[in-house]
Amino acid sequence: MTNDGTNDMSNDPQRDHVPWILAPAGGRQAFLAALAAGADGVYCGLKSFSARMEAINFSIDELAALAAPARAQGTRVLVALNSMLRPGELEEARRTVADLERRVRPHALIIQDLGFIPLVRDAGFSGEVHLSTLANVSFAKALALVNTRLGVDQVVVPRELNIDEVKQLAAGCPDGMGLEMFIHGALCYGVSGRCYWSSFMGGKSGLRGRCVQPCRRVYAQGERRSKAFSCLDLSLAVLVKVLRDIPQIRTWKIEGRKKGPHYVYYTVTAYRMLRDHGRDPQAKKDALSLLAHALGRPGTHYHFLPQRPQNPVRVTEDTGSGLMIGRVKGGGGQAYLNPREALLPGDMLRVGTEDESWHGTRRVGKFVPKGGRFHLKVTGGRGPGSGVAVYLVDRLEPALGEKMAAVQAQGDAHFRQVVRCDRKQGEAAAPNPFPVGAAGRQRPRHIGGPGKGALGGKKGADPVSLTVYRRLVRRPGPGETGYWLSQETRAAAAQDAGGKLHWWLPPVIWPEDEAAWEDLVQAVCRDGGRRFVLNAPWQVALFQHPGRCRLWAGPFCNTANPAAVTVLKSLGFDGVVASPELGGEDLLLLPRQSPLPLGLVTTGVFPLSISRCLADTLLPEVLFTSPKGEGAWARRQGSDYWIYPDWKLDLSEKQRDLAQAGYRMFVHLSEPPPRGVSFKRRPGLWNWEVGLR
C-alpha cells in the first residue's frame with residue numbers, strides 16, 4: 001500500500017493477490033469522486049467510440065487535465081473505446097488513439113471491435129489492450145488465443161458467470177494475462193454483445209453505446225402486464241471475498257458511467273472496505289449500508305452462487321434506479337412529497353420510473369427535513385398523480401465536495417511540478433508512470449496472412465444462397481444447407497458427402513458447456529464436416545486442426561469494418577458474414593475494402609436478444625407485446641433464451657445491389673414461429689434506410 005492508502009499497483013497483482021478496484025466515470029465530478037474514494041483505477045469514455053454515449057463523457061482535453069490528479073495519487077486511467085466501428089470511421093479512430101497516447105497516456109484501452117487491434121499498434125499506443133465484456137470472451141480456451149494471437153492483456157468476463165465458471169476461466173488464463181470482473185452495477189437483460197433489441201427498433205445500437213433500453217419497458221402477455229425483462233442491479237457485496245483467492249482476477253469493476261459522484265464514491269468506498277477489511281463484522285455492516293444508499297437499483301448476485309442462483313428479473317420488485325424516497329401525495333398541481341430522508345440542496349429527484357414516458361426530474365433548492373414537505377412544481381401539463389414513486393437519483397454532499405476539491409488541488413500542484421510543456425505545439429506531454437507489462441510487449445507486429453478460399457465459391461461466381469435450420473429437414477430448400485450444430489443435427493454429418501453442409505456454432509458458449517462443444521466440433525470434423533460458421537471469433541480455439549476446415553465468422557461476431565476483417569483473416573478465417581446492424585450505405589461500402597469474401601443475413605428471423613435468464617412469469621413460446629404493439633416470443637435454445645420478433649428480416653429486394661457490391665453469400669435463418677403465432681407483414685429492412693447510429 002502507498003502512504004495515502006491506495007494500492008501500489010507497481011506490484012504484480014498475481015503476486016500479492018490484491019485486486020484493483022476500477023471505478024466508472026461518465027463526467028468530471030464522478031472522476032474526482034472516484035479519486036476521493038481511493039479507487040485504484042478509473043475507466044471513462046470519450047465523446048466518440050464509447051459504449052455509453054448517453055453519459056456526458058470526456059473530450060481529450062478534459063481527460064488530460066483529469067489525468068493529473070489521478071497520477072498524483074497513483075491511480076490508473078483506462079479509456080473505453082468499446083464501440084463497434086463502421087467502415088468509414090477507421091482513420092478517425094486511429095487519430096483518436098494517437099491523440100490519447102500523446103496527451104493522456106492511459107494505462108489501457110478497453111475495446112470490443114477487433115478493428116482496434118491494428119489501429120492501436122499503428123497509432124503507437126504504449127499501454128495495455130483490454131477486451132470489453134461486449135467481445136464475449138466466455139470460455140477458457142479463448143483466453144490463450146486472444147492473448148498470444150492478438151496481444152490482449154486483460155479480458156472483462158461476462159456478468160452471467162457463476163463462481164465455478166470464473167475459476168474455470170482463471171485456470172485457463174495464460175501467465176501475465178489478467179481477468180476483470182463486474183462486481184456491482186446495472187445488469188443488461190441480454191448477454192453482452194448479443195443484444196440487438198434497441199438497434200432493431202430504430203438503429204440505436206447497444207454496440208454503439210446508444211441503447212434505448214427496451215428491456216426496461218412494460219410488456220403484455222395475455223392479460224398480464226409486467227417489466228418482464230428489467231433486471232435488478234448486480235451486487236456481489238460480501239460474496240466478493242471468494243474472489244480474493246483467485247490471483248488471475250486482477251480487477252473488480254463497478255458499472256455506472258451514467259451515475260453521479262455520490263454513487264461512485266459510495267460504491268468504491270464500500271468495496272474497498274470489503275476488500276481490505278472483509279473479516280471485520282463492523283466493516284461489512286458499514287459497507288452494506290453504503291451500498292444501500294448508493295442510489296442504484298435493488299441488488300442480486302445473479303448466477304454467482306451456482307447452488308443458489310437468483311433470477312435478476314423479478315417483476316414484483318421495483319427496478320427503478322435511485323433510492324425510493326417516498327410517494328406523491330395530493331396529485332396534479334398540488335402534488336407534494338414527504339421524504340423518508342432529509343433532502344439536501346442540489347439533490348436530484350426523479351418522479352416515476354425511467355420506462356414511463358411522462359417521468360421527470362426535479363432539483364431540490366433548499367434543505368427539506370425528513371418527513372417535511374417538498375412541493376413538486378409543475379411547469380406545464382398535468383402534475384404527477386397521487387401514489388407515484390419518487391426517487392433520489394443524485395446528490396453531492398458538502399463533505400464529498402470538499403474531498404473532491406482537495407483531490408483537484410493536489411492534481412493541479414502535481415501537474416505544475418511534473419508535466420513538461422511541448423513549446424512547439426503548446427500542449428501538455430504527460431509521462432506514463434505505468435509501463436506496459438510483458439504481455440503487452442508480446443503483441444504481434446503483423447496482422448494478415450493468406451486465406452484458404454471463399455466458402456461462397458470462386459471470385460466472380462454467383463452468390464451462394466444458404467438456408468440455416470435448427471432441426472434436421474428431409475427436403476431442404478434451394479441453394480446450400482446449414483444447421484445450427486447440436487447433438488440432433490450432428491446425425492446429418494454422416495451423410496454429408498464431401499463436407500458440403502455448413503455447421504453454425506452458437507453466439508455464446510459458457511464455461512460449463514465448453515468441453516461438450518469441443519467434443520461436438522471434433523466429432524463433426526471426424527465425420528467429414530469441413531465448413532463451419534463461428535459466432536464468436538474465439539471459437540476457432542475449439543478446433544484441433546482449424547487449417548483443414550473452411551471457417552467463416554458469423555453475424556454474431558459483429559464485424560462491421562475492414563480492419564476487423566483483416567484480424568479475422570489472421571486468425572485463419574476464410575470469410576465473414578457481416579454485421580446485419582449496418583445501414584445500407586455501409587453494407588455496400590464494406591466489400592470494396594474487405595480482404596475476405598463477405599456474406600450477409602438477408603432474410604429470416606434474427607433474434608432481438610439472447611439471455612441466460614427468463615422471468616418466471618413469462619411463458620416461452622407465447623407471444624408478448626410492447627407498449628407500441630410490437631410482438632415477440634422467447635424460445636429456449638441450448639443454454640440460453642432467444643427473444644425473436646414476430647416479423648422477419650427481409651433484404652431480398654436489396655440482394656441484387658449487394659451482389660453487385662461484392663457479397664458472395666446470402667443467408668436465410670429458418671426459425672418457425674410457435675403455434676398460434678404468425679409473422680406480421682411489415683418492412684424488415686432493419687437499419688438499411690435509417691443507418692446505424
Side-chain angles (χ1 to χ4, degrees), residues 24 26 43 45-55 57 80-86 89 110-116 131-138 156-160 182 185-217 219 227 229-231 233-234 253 255-259 312-313 319 321 354-355 507-508 535-536 555-561 564 578-583 586 601 606-613 626 630 632 640-645 649 686-687 690-693:
Y43 71 101
L46 300 178
K47 294 185 183 296
S48 59
F49 306 122
S50 168
R52 285 292 184 272
M53 293 306 295
E54 298 305 315
N57 291 321
L81 297 177
N82 52 345
S83 178
M84 183 171 70
L85 295 174
R86 294 166 49 197
E89 295 177 329
I110 305 170
I111 66 169
Q112 62 143 319
D113 193 311
L114 290 183
F116 269 109
L131 268 186
S132 165
T133 186
L134 288 166
N136 196 247
V137 182
S138 61
V156 187
V157 302
R159 297 171 222 204
E160 292 83 1
F182 280 98
L187 279 171
C188 294
Y189 174 74
V191 176
S192 291
R194 302 293 181 264
C195 188
Y196 308 91
W197 211 327
S198 178
S199 174
F200 211 84
M201 299 299 183
K204 293 187 176 181
S205 171
L207 293 169
R208 299 271 295 177
R210 301 186 184 278
C211 180
V212 297
Q213 296 186 314
C215 57
R216 299 290 183 192
R217 298 170 183 165
Y219 289 87
K227 295 181 182 179
F229 304 97
S230 185
C231 292
D233 275 7
L234 178 68
K253 187 172 191 174
E255 187 277 339
R257 281 194 280 148
K258 292 169 66 177
K259 298 288 190 179
V313 181
T319 56
S321 64
E354 300 99 322
D355 64 290
V508 57
N535 278 297
F556 297 92
C557 291
N558 302 321
T559 309
N561 61 79
S579 168
E581 282 197 82
L582 286 172
D586 288 330
V601 178
F606 202 88
L608 299 175
S609 186
I610 297 170
S611 179
R612 211 174 184 182
C613 65
S626 76
E630 299 145 334
D640 302 305
Y641 292 95
W642 293 45
I643 310 300
Y644 291 103
L649 170 66
W686 201 338
N687 294 327
V690 300
L692 179 64
R693 286 175 267 175

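Everything numeric here is computed off the predicted structure, so don't read it as measured data. Atoms considered below: every heavy atom in the structure, side chains included; atoms not considered: hydrogens, waters and symmetry mates.
Here R208 pairs with E89 in a salt bridge; the nearest charged N to carboxylate O distance falls below 4.0 Å.
Between V212 and S198, the shortest heavy-atom contact is N-OG, 3.0 Å. Among all heavy-atom pairs drawn from E581 and S199, the shortest one is OE1-OG, 2.7 Å. Nearest heavy-atom pair across C231 and V313 is SG-CG2, 3.8 Å. Taking each heavy atom of L608 and A632 in turn, the nearest pair found is CD1-CB, 4.1 Å. When all heavy atoms are compared, the tightest approach of P507 to A536 is O-CB, 4.4 Å. Of all the heavy atoms in L207 and G193, the pair that sits closest is CD2-CA, 3.8 Å.
Using bins of under 30°, 30° to 60° and over 60° for the plane-to-plane angle, the ring pair Y189/W197 lands in the perpendicular bin. Between F606 and W686, the ring planes are tilted. Angles from 30° to 60° get that label.
In this structure, the side chain of R612 does not engage the main chain of V191 through any donor-acceptor pair within 3.5 Å. Although no hydrogens or angles enter the test, the distance criterion places a donor-acceptor pair under 3.5 Å between the side chain of R693 and the main chain of G202. No donor-acceptor distance shorter than 3.5 angstrom exists from the side chain of N82 to the backbone of S132, with no hydrogens or angles considered. A distance-only check finds a donor-acceptor pair linking the side chain of N561 to the backbone of L85 [under 3.5 Å]. A distance-only check finds a donor-acceptor pair linking the side chain of N535 to the backbone of F556 [under 3.5 Å].
No hydrogens or angles considered: a donor-acceptor pair under 3.5 Å links the side chains of N558 and Y196.
In terms of the ring-ring contact (aromatic ring centres under 6.0 Å, His included) criterion, Y641 has no residue partners (sequence neighbours excluded). A search for ring-ring contact (aromatic ring centres under 6.0 Å, His included) contacts involving F116 returns nothing, not counting sequence neighbours.
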> Please walk me through it: do C613 and E160 pass side-chain contact (heavy atoms from CB on, under 4.5 Å)?
Replying inline: CA-CA 9 Å; C613 65; E160 292 83 1; over 6 Å; no
>> Apply side-chain contact (heavy atoms from CB on, under 4.5 Å) to residues V156 and Q112 and explain how you reach the verdict.
In response: CA-CA 10 Å; V156 187; Q112 62 143 319; over 6 Å; no
> Could you go step by step and tell me if R216 and S230 meet the side-chain hydrogen bond (donor to acceptor under 3.5 Å, both in side chains) rule?
Replying inline: CA-CA 5 Å; R216 299 290 183 192; S230 185; 3.0 Å; yes
>> Working note: Y43 + R257, criterion side-chain contact (heavy atoms from CB on, under 4.5 Å); need CA distance, chi angles, decisive distance, verdict.
In response: CA-CA 8 Å; Y43 71 101; R257 281 194 280 148; 3.6 Å; yes
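Distance check, rounded to the nearest 0.5 Å: CZ of R194 to CH2 of W642 gives 9.5 Å. The line from CG of D113 to CG of L134 is 10.5 Å long, rounded to the nearest 0.5 Å. In this structure, F182 CZ and L187 CG are separated by 9.5 Å, a value rounded to the nearest 0.5 Å. Here the CG atom belonging to L46 is positioned 7.5 Å from the CG atom belonging to N57, to the nearest 0.5 angstrom. The CG atom of D640 sits 7.5 Å away from atom OG of S611, with the distance rounded to the nearest 0.5 Å. Between the CZ atom in R159 and the OG atom in S192 there is a gap of 5.0 Å [rounded to 0.5 Å].
Between S609 and C215, every side-chain heavy-atom pair lies at or beyond the 4.5 Å cut-off.
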